[in-house]
Amino acid sequence: MYTMMQVCREANLTYQALKFYCNQGLVPHVKRDQNNRRIFDEHDVKWIKDLVCLKKCGMSIQEMKAYLDLCLQGESTIPQRKEMLAKKQEALRASIQELEDSVSYIDWKQNFYDEVLSGKRPYVSNLIRPKE
């Protein structure tokens, strides 16, 4: 069994975030020790790690609750879960493309500045108008 702090270390999660997930009902079947403190088993820890990943994928608390509800219904809801994940995957791929475009712009700009500094090309700015 794991304590809250052990789970936090294992899942790379803050204590407050884990407590929030528990209070939101995102960690089902939470057990308590004799002092009424939450304790977790291996299955709980694996699920909490899944929650961390789902959050990183951009799922809201409401989406995570919907996903959890589907998971708790069993195998029959796999198609719906796959669809939810496919939508998140598509959004993540679009974000990756935007990031790659941004990196490409910075690469181009850095190259431009290197060429200006080395004298290979003249400096031209869209912000500074040439004197007429």
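This structure is a prediction, so every number in the text was calculated from the model and none was measured. We're numbering straight along the sequence, starting at 1. Atom set for the values below is all heavy atoms of this structure, side chains included, hydrogens, waters and symmetry mates excluded.
- In this structure, the side chain to side chain contact (heavy atoms under 4.5 Å, CB included) partners of S60, at least two apart in sequence or on a different chain, are Q62, E63.
- The salt bridge (charged side-chain N to carboxylate O under 4.0 Å, His left out) test applied to D41 returns K31, not counting sequence neighbours.
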Exercise answer: donor-acceptor pairs, residues 50-58 side-chain atoms, under 3.5 Å, sequence neighbours excluded:
none

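- For K88, the NZ atom counts as densely surrounded, since its 6.0 Å shell holds more than 12 non-hydrogen atoms of other residues, nucleotides or ligands.
- Residues satisfying the salt bridge (charged side-chain N to carboxylate O under 4.0 Å, His left out) criterion with R121, sequence neighbours excluded, are E115.
- With sequence neighbours excluded, the residues satisfying salt bridge (charged side-chain N to carboxylate O under 4.0 Å, His left out) with R37 are D33.
- Within the structure, ring pair (Phe, Tyr, Trp, His ring centres under 6.0 Å) pairs that include any residue of residues 33-54 do not occur (at least two apart or interchain).
- E42 meets the side chain to side chain donor-acceptor pair (under 3.5 Å) test with Y2; sequence neighbours excluded.
- Atom SG of C22 sits about 8.5 Å away from atom CG of D44, to the nearest 0.5 Å.
- Applying the side chain to side chain donor-acceptor pair (under 3.5 Å) rule to pairs touching residues 96-105 yields Q97-D101, sequence neighbours excluded.
- By the 6.0 Å contact criterion, CG on N12 is open, its count of non-hydrogen atoms from other residues, nucleotides or ligands being 12 or less.
- The local environment of CZ in R32 is crowded, with over 12 non-hydrogen atoms from other residues, nucleotides or ligands closer than 6.0 Å.
- In terms of the side chain to side chain contact (heavy atoms under 4.5 Å, CB included) criterion, residue partners of A17 (sequence neighbours excluded) are, by chain and number, L13, T14.
- By the side chain to side chain donor-acceptor pair (under 3.5 Å) test, R9 is found to be paired with no residue, residues two or more places apart in sequence or in another chain being considered.
- With sequence neighbours excluded, no residue forms a ring-ring contact (aromatic ring centres under 6.0 Å, His included) with Y15.
- In terms of hydrophobic clustering, with Ile, Leu, Val, Met, Phe, Trp and Tyr side chains grouped at heavy-atom distances under 4.5 Å, Y67 and V30 are assigned to a common cluster.
- With rounding to the nearest 0.5 angstrom, the CG atom of L92 is 10.5 Å from the CG atom of L85.
- Under the salt bridge (charged side-chain N to carboxylate O under 4.0 Å, His left out) criterion, K87 pairs with E83, sequence neighbours left out.
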